[in-house]
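Reminder, nothing fancy here: chain letters follow the sequence lines and each chain counts from 1.
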Amino acid sequence: MNLYKYVSDAINEKLGFAANLEIPRNREFGDFSTNAAMVGAKLAHKNPRELAGEILPKIQELDFVDAATIAGPGFINIKIRDDFILKNATAPAPYKNETPLVIDMDYGAYNVAKSLHIGHLRTSIVGDTLNRIFRFMGHKTISYNHMGDWGRSMGMVIAWIKRIHPDWPFFQNNFDANMDLSKYTFSPSELNTFYPQASALAKQDEKFMDDVHTITAELQRGHPGYNALYNIFMPISLKSMHDTIHKLNILPFDNDLGEKNAALYEAPVEKLLREKNLLVESDGAEIVVVKRDTDTAPMPPVMFHNSRGATTYDATDIMAIYYRKLTDNPNKIIYLTDSRQSLHFEQLFRIAELTGLFDTKNLEHIGYGTINGADGKPFKTRSGNAADLDDIIQIATDAVRARASENNKELDDDTIDTIAIAALKFNDLIHDLRSDYIFDPDSVTSFEGKTGPYVLYTAVRLNSVLKRATNTPKLNNHILLPDERNLLMTIMDFDRTIQSAYENRATDMIANYAYNLCQLINAFYHSCPILRDDIDDDTKQSRLYITKIARDTLVTTTDLMGLKIPDKM
RNA sequence: GCGCCCAUGGCUCAAUUGGAUAGAGCAACAGAUUUCUAAUCUGUGGGUUGCAGGUUCGAGUCCUGCUGGGCGCGCCA
């Protein structure tokens with residue numbers, strides 16, 4: 001049950017006004033605490049403690065209250081009856097929402113022909129967990145991998161291939177799309193080298209850059225050879241993305257639809273902008289002015305067509321809204337990107353408002369912080385590049401393998417991968433997503449304390465106990481030991497946590513809850529033997545029941561984080 | 001220049017959005033296994049929350065001003 005809500009509602013009803021219910025930081029004060037008397041005292045010009053004295057008897061009458069006392073400047077501290085806890089403790093279940101929202105979620109946003117790197121870690125992991133939270137709350141989400149699959153970077157890749165294979169048929173005037181093209185292919189790793197090389201060359205070779213622009217424009221206009229080539233490397237790249245997110249246990253995207261798909265809606269969006277007289281010519285480009293008189297911050301115009309007539313990502317993002325409205329007609333669109341793109345989304349949302357395309361209050365940008373190295377600058381490899389996600393996963397995997405062999409544990413490869421992924425993901429999720437954090441490979445692979453492996457280990461322990469048990473889990477009425485009581489109270493706090501995580505879009509609340517739950521589970525595990533021979537059957541049954549709902553609650557949180565639990569570790 | 005964000009033990013991060021004695025992990029030190037997995041548990045030391053004011057019953061949190069850092073500001077995404 002949602003204990004917090006139950007207690008809060010009961011107190012509010014009893015008092016006849018909305019009191020603020022808190023869980024004291026220092027649990028010695030009780031299970032709950034309200035500052036109703038202090039708030040009320042200000043309005044009524046009364047002494048807070050005196051007012052608390054008037055409120056106190058009413059609270060003491062409530063059937064779940066064991067004791068209620070006045071403390072400090074006027075707090076009323078409440079302790080819940082043990083039998084009430086015993087009667088109502090259950091594991092959480094997904095919500096049945098009677099008015100579910102349709103939510104389009106835009107995260108991931110991988111680039112075709114570029115390997116996933118550390119910059120994609122948070123958008124993937126946090127986006128996936130937010131998606132799972134929304135679904136748990138009973139909403140319908142539609143996830144979009146809004147790929148960079150149609151812009152200048154595609155021109156770069158094709159220009160590079162043209163440079164190294166000028167004799168290939170895609171580049172000949174007599175190109176025949178019906179010929180057998182099966183021998184023109186690339187390995188994923190080979191493909192991923194093209195863009196960086198092309199990009200480096202374009203910076204110093206103006207002629208090559210001109211080629212890139214020409215090829216990009218021709219590709220977008222339907223050049224048969226370039227499009228045939230695109231259709232060869234695009235699936236290779238897509239598969240490579242899928243492999244990586246599969247390793248990370250990220251839910252498959254409902255749509256791998258990016259800029260190319262959005263670009264199909266250029267004409268209707270342009271028409272809409274022209275109808276509203278929003279397109280303005282400026283330096284050969286067509287722009288939309290989004291600045292308001294009240295703005296104090298810089299607010300540059302939005303580029304719809306650049307001076308070469310091409311559309312930029314500002315434009316394709318408008319088209320994507322148009323497309324999603326047409327197909328999903330969502331209640332909300334939520335974007336998860338690096339917080340450095342905040343201005344872009346502010347501009348985008350203003351255009352949605354100016355065109356009447358989408359209600360601005362239902363467009364939401366969640367900006368996450370940068371992952372930095374020990375020097376406080378964005379995390380780089382020793383050679384100065386953004387670290388590949390696959391390489392980071394490999395480092396974690398090697399560390400798990402080393403740790404397992406240190407402890408003389410024989411674990412299969414799947415288990416080792418599972419533990420490594422949990423270490424990476426949990427480390428990401430435990431941080432406030434809006435803040436930067438420092439990624440330290442040594443601490444991520446230490447697996448001690450507040451880590452993913454700790455969480456998995458705790459779940460494995462509980463599963464192991466439940467597997468051995470012959471008694472039926474059943475909660476018998478007994479006096480709760482402190483470690484049993486603390487654990488049950490935290491289990492009953494799950495609903496408040498996920499509600500808060502949902503409202504605040506705060507994935508770290510789930511991770512912190514999971515860690516806190518594990519600490520209490522391990523304390524319970526140590527101080528309360530479950531299956532030992534000298535434990536009587538009633539106690540065994542009770543502790544098995546606690547073990548079971550603790551395991552179920554923990555599994556719910558690990559599911560939300562997309563962590564798998566191994567059979568042993 | 002304009003705007004946004006940040007500053008908390010040696011290190012990495014919390015703090016129920018204004019609540020009570022600022023908490024965890026790592027690192028250091030001292031302990032725990034005839035017992036369900038020691039990737040565990042128990043304990044010890046470590047703080048003038050960058051600085052100076054202000055608001056009120058009450059401030060790490062809100063306001064003002066400094067100092068120091070990060071980020072953004074038309075044809076990259």
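Asn504(A) comes within 4.0 angstrom of a base, heavy atoms only. Leu531(A) comes within contact range of at least one nucleobase, with a heavy-atom separation under 4.0 Å. Base contact: Val460(A) has a heavy atom under 4.0 Å from a base atom. No engagement by Ser342(A) is indicated, since no non-hydrogen atom pair under 4.0 Å with the nucleic acid exists. Residue contacts shown for Asn77(A) include a base, since a base heavy atom lies under 4.0 Å away. Residue-level contact check: Asn522(A) touches the backbone only, with heavy atoms under 4.0 Å from sugar-phosphate atoms and none from bases. Among the heavy atoms of the strands, none lies under 4.0 Å from Ser446(A).
Asn512(A) contributes a side-chain N or O that, together with a main-chain N or O of Asp508(A), makes up a donor-acceptor pair within less than 3.5 Å. With hydrogens and angles ignored, the 3.5 Å screen pairs a side-chain donor or acceptor of His120(A) with a backbone N or O of His117(A).
Atom CD in Glu22(A) sits about 11 Å away from atom P in G18(B), given to the nearest Å. Rounding to whole angstrom units, CG of residue Asn408(A) and C1' of A39(B) are separated by 13 Å. Arg434(A) has its CZ atom 17 Å from the C1' atom of U61(B), to the nearest Å. Between Asn512(A) atom CG and A14(B) atom C1' the separation is 7 Å, expressed in whole Å.
A stem is defined here as three or more consecutive Watson-Crick or G-U pairs, each with both distances under 3.5 Å; for RNA chain B these stems are B:1-5 with B:69-73, B:10-13 with B:23-26, B:28-32 with B:40-44, B:50-54 with B:62-66.
For Pro566(A) against Thr415(A), the heavy-atom pair with the smallest separation is CB-CG2, 3.7 Å.
Projected onto RNA chain B by closest heavy-atom contact, Thr312(A) and Lys568(A) fall at different nucleotides, the more 5' of which corresponds to Lys568(A). Residue whose closest nucleotide on RNA chain B sits further toward the 5' end, between Asn35(A) and Val400(A): Asn35(A).
Taking atom P on both nucleotides, U55(B) is separated from U64(B) by 15 Å, rounded to a whole Å. If you take atom C1' in A59(B) and the same atom in A32(B), they sit 42 Å apart, rounded to whole Å. Nucleotides C29(B) and U35(B) have their P atoms positioned 28 Å apart, rounded to a whole Å. For C41(B) and A77(B), the C1' atoms lie 49 Å apart once the distance is rounded to whole Å. For the C1' atoms, the distance from U44(B) to G19(B) is 29 Å, rounded to whole Å. Going from the C1' atom of C11(B) to that of U56(B) covers 37 Å, rounded to whole Å. Spacing of P atoms, G45(B) relative to G1(B), comes out at 48 Å, to the nearest Å. Straight-line distance between the P atoms of U8(B) and U61(B): roughly 13 Å, to the nearest whole Å.
Salt-bridge formation is not detected for the pair Lys377(A)/Asp436(A): no Lys NZ or Arg NE/NH1/NH2 atom is positioned less than 4.0 Å from an Asp or Glu carboxylate oxygen.
A20(B) has Phe29(A) stacked on its base ring, the centres lying under 5.5 angstrom apart and the planes within 30 degrees of parallel. The aromatic ring of Tyr515(A) does not sit over the base of A24(B); the criterion of centres under 5.5 Å apart with planes under 30° is not met.
In this structure, Arg461(A) does not reach the U37(B) phosphate: none of its side-chain N or O atoms is under 4.0 Å from OP1 or OP2. Put simply, Arg308(A) has a side-chain N or O that comes within less than 4.0 Å of OP1 or OP2 on C76(B).
Taking only side-chain atoms of Lys450(A), from C-beta outward, the nucleotide of U12(B), C76(B), A24(B) with the closest atom is A24(B). The side chain of Ala71(A) lies closest to A20(B), out of A20(B), A24(B), A38(B). Of the candidate nucleotides C26(B), A14(B), G74(B), C26(B) has the atom nearest to the side chain of Glu448(A). In the set C13(B), A77(B), G19(B), the nucleotide with an atom closest to the side chain of Ile438(A) is C13(B). Listed nucleotides G74(B), A39(B), U16(B) differ in distance to Arg496(A); the shortest reach to its side chain belongs to U16(B).
Heavy-atom distances under 4.0 Å link RNA chain B to Ile419(A) of residues 417-426 of chain A, given in residue order.
A donor and an acceptor atom, one from each side chain of Tyr437(A) and Asp428(A), are located under 3.5 Å apart.
Residues passing the salt bridge (charged side-chain N to carboxylate O under 4.0 Å, His left out) test with Asp9(A), sequence neighbours excluded: Lys5(A).
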